[in-house]
Amino acid sequence: MKMNEDYLNRGMDLKRLVLYFQKKIWVIIMLIVLGATFGGVTYEIIRGMEMPVEYETVSKLYISFGTDESGEVYQYYNGYTWNDLLDSDPILDLIMVTLPGYDREQVRDATTAEILSDIRLLTIYVRGDNEKFVREVRDATQAGLLEFAKESEELDLIRVIRSEAPKRIYWDDRTTAACITGAVAVGMIAFLAFGFAYAVNEGIYVQGDIEKRYPYKPLGILTMNQKGLEPYAGELKANLHYTLGDKKTFAILDMANHGDVRKLEIEGLLNRGEMEVPLGSSEEDFGWHIMEEEKPREADEWEVVPFNENVLSEEECTRIRELGGVIVLLPFGTDVGRKTERILTFLRNQDCKIHGIIIAQADEEFLNRYYA
């Protein structure tokens, strides 16, 4: 119970976490790219389907002000004044003269007046959902203002200096922002998902994981691409010699159910100092380089008796007791924690001694970076 509490309360191994994410980085990058693509495509679809059809035209008018009785020029017109004037009946009546059939409120809402800097330059905006309507309101507004200037003592004249054709109004193109938003959102979700998977993952990566979780000795590591006996193969060989002593025959129990291949690897290490799998192995995707031929066993050579978790029964436990115990092999980085707990309980109930635990099929690159 104490071992389980210590394991549950263990701190986070930051270096192992970094290496875990390092192996997932390409998946995360692909998800980020997909998120950016999804964000951009979704924005373009929404922009094309939801953006209202609207047209706008802009007119520039030049105003010449009249003079009062003292000879002073009237200069009190500004943007707010012109907005009020356009909405007032005198000008609106002049505008509606050339717009029979249109609603006054509709025309009133469609027009906006603005003085930007020079009070002599008046900008008129006409906006609507129909190009014909915008064009006709623009022409009527210009004609109405010109006529209003003729009747106003404050204004000398108004003339049109620029009149643009109606143009379709589009939303600002924010495809780049949508792509960035999609990439960030999916990237955060990916990191959270992989982080959660790491938090609940009870896979064994290094020998320290065995020490924290199980009350058995971590005897060593079998790597996938062994390039030499040092350091992992040499340490494993030394630990097996020390733990087993004079016992040349011992049992192994592979939790990944590749016991026959693990047998050949361990026998090669103990008997020939090499991690090669003899020809005839049915597991082509496990183990190291395949030798040309299998050498006959010598009398003083080590013999490994393999068992697999999926066929463990009373007869196998009897054989394990006869051999004096078993070494359990856990697959590298694979979450077999609950299955292993069940098997360990079964072995204890059967009075099968457990010599220790070996990590099998470990990623040598991961280990070299972790222990660097």
message: Are more than 12 heavy atoms, taken from residues, nucleotides or ligands other than Glu322, located less than 6.0 Å from that residue's CD atom?
response: yes
message: What verdict does the side chain to side chain donor-acceptor pair (under 3.5 Å) test give for Thr345 and Arg342, after you've listed the backbone C-alpha separation in whole Å, the side-chain angles of each residue and the deciding distance to 0.1 Å?
response: CA-CA 5 Å; Thr345 300; Arg342 189 194 80 236; over 6 Å; no
Shortest non-hydrogen contact between Pro218 and Asn239, atoms and distance: O-ND2, 4.3 Å
query: With a 4.5 Å limit on heavy-atom distance, are the side chains of Leu329 and Leu253 in contact?
result: no
Stepwise side chain to side chain contact (heavy atoms under 4.5 Å, CB included) check, Ile124 with Thr112: CA-CA 6 Å; Ile124 302 295; Thr112 305; over 6 Å; no
query: Where do Val186 and Ile32 land on the side chain to side chain contact (heavy atoms under 4.5 Å, CB included) test, with the steps shown first?
result: CA-CA 6 Å; Val186 174; Ile32 290 175; 5.6 Å; no
Lys60 atom NZ, neighbour heavy-atom count above 12 within 6.0 Å: yes
message: The test is side chain to side chain contact (heavy atoms under 4.5 Å, CB included); show your working for Ile327 and Leu240 and say whether it passes.
response: CA-CA 10 Å; Ile327 295 175; Leu240 290 175; 3.4 Å; yes
Any Thr123 side-chain heavy atom under 4.5 Å of Ile115 side chain: no
- request: Step through it carefully: locate the ring centre of Tyr102, locate the ring centre of Phe133, and say whether they are under 6.0 Å apart.
  value: yes
statement: Scanning both residues in full, the closest heavy-atom pair of Leu270 with Lys237 reads CD2-CG, 4.0 Å
Joint hydrophobic cluster, Val328 plus Val336, side-chain heavy atoms closer than 4.5 Å: yes
task: Determine, using the 4.5 Å side-chain heavy-atom cutoff (strictly less than), whether Ile95 and Val160 are members of one ILVMFWY cluster.
output: yes
Atom of Phe346, atom of Cys317 and distance for their closest heavy-atom approach: CE2-SG, 3.2 Å
message: Any non-hydrogen side-chain atom of Val326 less than 4.5 Å from a side-chain atom of Lys353?
response: no
task: Look up atom CG in Leu323 and atom NZ in Lys247, then write down how far apart they are to the nearest 0.5 Å.
output: 9.0 Å
statement: dist Met188:CE -> Leu192:CG (nearest 0.5 Å) comes out at 6.0 Å
- prompt: Any luck finding a side-chain donor-acceptor pair between Arg138 and Thr141 under 3.5 Å?
  reply: no
message: Using a strict threshold of under 4.0 Å (side-chain N to carboxylate O), is an ion pair present between Arg319 and Glu315?
response: no
Pairing of Arg338 and Glu341 as salt bridge, 4.0 angstrom limit: no
task: Would you indicate whether Arg348, at its atom CZ, is surrounded by more than 12 heavy atoms from other residues, nucleotides or ligands within a distance under 6.0 Å?
output: yes
query: Below 4.5 Å, heavy atoms only, C-beta onward: do Leu94 and Leu145 meet side chain to side chain?
result: no
Counterpart residues, ring pair (Phe, Tyr, Trp, His ring centres under 6.0 Å), relative to Tyr62 (two or more places apart): none
- request: Determine the interplanar angle of the Phe250 and Trp302 rings, folded into 0 to 90°, and report it as parallel if under 30°, tilted if 30 to 60°, perpendicular if over 60°.
  value: perpendicular
Approximate separation, where rounding is to 0.5 Å, of Glu44 CD and Thr175 OG1: 3.5 Å
message: Donor-acceptor pair, distance only, cut-off 3.5 Å: does the side chain of Glu235 make one with the backbone of Tyr232?
response: no
- prompt: Does the side chain of Glu164 come under 3.5 Å of the side chain of Ser59 through a donor N or O and an acceptor N or O?
  reply: no
Contact check, side chains of Ile221 and Leu236, non-hydrogen atoms, under 4.5 Å: no
- request: Flag yes if Leu92 and Leu146 sit in one hydrophobic cluster, no otherwise; membership is Ile, Leu, Val, Met, Phe, Trp, Tyr, and two members link when side-chain heavy atoms are under 4.5 Å apart.
  value: yes
query: Taking atom NE2 of His355 and atom CD1 of Ile252, what is their separation to the nearest 0.5 Å?
result: 12.0 Å
query: Heavy-atom distance under 4.5 Å between the side chains of Leu99 and Val107, does that happen here?
result: yes
query: So, are Asp93 and Arg104 salt-bridged, with charged N and O less than 4.0 Å apart?
result: yes
query: Would you say Ile359 and Tyr371 are hydrophobically clustered, going by side-chain heavy atoms of ILVMFWY under 4.5 Å?
result: yes
For Leu312 against Glu316, the heavy-atom pair lying closest together: CD1-CB, 3.6 Å
Basic-acidic side-chain contact under 4.0 Å: Glu54, Lys167: no
message: Grouping I, L, V, M, F, W and Y whenever their side-chain heavy atoms are under 4.5 Å apart, do Tyr370 and Ile210 come out in a common cluster?
response: yes
task: Could you check if a side-chain atom of Leu219 sits within less than 4.5 angstrom of a side-chain atom of Ile357, using non-hydrogen atoms only?
output: no
Aromatic ring pairing Phe332/Phe366, orientation class (parallel under 30°, perpendicular over 60°, tilted between): perpendicular
- prompt: Would you find a donor on one side and an acceptor on the other, under 3.5 Å apart, between the side chain of Asp209 and the backbone of Val206?
  reply: yes
message: To the closest 0.5 Å, what do you measure between CD1 (Ile63) and CG (Leu121)?
response: 8.0 Å
query: Under the side chain to side chain contact (heavy atoms under 4.5 Å, CB included) criterion, do Glu303 and Lys248 qualify, and how do the steps go?
result: CA-CA 6 Å; Glu303 180 182 3; Lys248 293 291 185 177; over 6 Å; no
message: Counting C-beta onward and ignoring hydrogens, is there a side-chain heavy-atom pair between Pro331 and Gln361 closer than 4.5 Å?
response: no
statement: Tightest non-hydrogen contact, residues Ser88 and Arg108, listed as N-NH1, 4.5 Å
message: Please give me the minimum heavy-atom distance between Ala251 and Phe307, naming the atom from each residue.
response: CB-CE1, 3.7 Å
- prompt: Would you say Lys263's side chain and Val305's backbone share a donor-acceptor pair under 3.5 angstrom?
  reply: no
query: How far does CD1 of Ile169 sit from CD of Glu56, to the nearest 0.5 angstrom?
result: 4.0 Å
- prompt: Backbone N or O of Glu309 within a donor-acceptor pair of the Asn257 side chain at under 3.5 Å?
  reply: yes
query: Got a donor-acceptor contact below 3.5 angstrom from the Tyr125 side chain to the Thr57 backbone?
result: no
- prompt: Any donor and acceptor pair, going by atom type alone, linking the side chain of Asn308 with main-chain N or O of Asn310 inside 3.5 Å?
  reply: no
